[in-house]
Amino acid sequence: MAIRPVITAPDPRLKVTCKAVEKVDDSVRRLMKDMLDSMYAANGIGLAAPQVGDRRRVIVVDCSRDKKVPKHYCMANPEIVWTSEETFTYEEGCLSLPEQYADVTRPARARIRYLDEENEIRELEAEGLLAVCIQHEMDHLDGVLFVEHISSLKRNMIMRRLAKIKRLHETPAV
Ligand code: NI
């Protein structure tokens with residue numbers, strides 16, 4: 001088990017466009033496992049590879065934490081193949097934007113095609129929180145944070161706040 005630190009904004013590593021994996025092999029499976037460990041350790045419900053400094057198109061989600069049977073998904077090269085016209089608004093947060101929340105509107109349901117841990121092609125139709133979470137994590141693979149879906153006024157406020165927190169916590173380089 002390896003818990004990797006989650007990168008917080010502002011950071012150029014959160015702005016990268018990730019590369020598709022060729023195959024889900026041991027190296028990708030190790031990344032998925034580390035990401036799950038890191039996500040659970042941070043009390044998150046989703047995590048994308050660039051948040052732990054990896055540029056592969058991999059996400060992990062688990063929106064079942066209150067239920068008896070936990071259910072996580074590890075997805076490589078996730079693609080949205082269908083979304084509903086109907087939308088859903090949810091107050092989103094992000095491990096890379098600690099303590100910051102804002103209402104984001106996205107399609108209420110989405111069908112996702114991806115490669116699972118065994119390199120099998122799968123499709124999942126998600127709704128509710130799971131749909132929100134998968135779409136949010138997929139955005140990270142293209143360098144998009146949830147604040148890019150809100151007004152620039154609110155976004156600038158959040159980003160200024162984060163930059164300030166970062167300055168306060170930064171130790172001088174030696
Ligand atoms: Ni996020």
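As the structure lists them, so they are numbered: ligands from 1, and atoms in each ligand from 1.
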Which residues pass the side-chain contact (heavy atoms from CB on, under 4.5 Å) test with Asp25, sequence neighbours left out?
Ser27, Val28
Identify which protein N/O/S atoms are less than 2.8 Å from the Ni ion (ligand 1).
Cys94 SG, His136 NE2, His140 NE2
When you check the gap from the basic side-chain N to the acidic O, do Arg109 and Glu125 get nearer than 4.0 Å?
yes
Salt-bridged, Arg57 to Asp142, with N to O below 4.0 Å?
yes
Give a yes or no answer on whether the side chain of Gln51 reaches the backbone of Ala49 with a donor-acceptor pair at less than 3.5 Å.
no
Sequence-distant partners of Leu153, side-chain contact (heavy atoms from CB on, under 4.5 Å), two or more places apart:
Ser151
Considering residues at least two apart in sequence or located in another chain, which fulfil the side chain to side chain donor-acceptor pair (under 3.5 Å) criterion with Arg55?
none
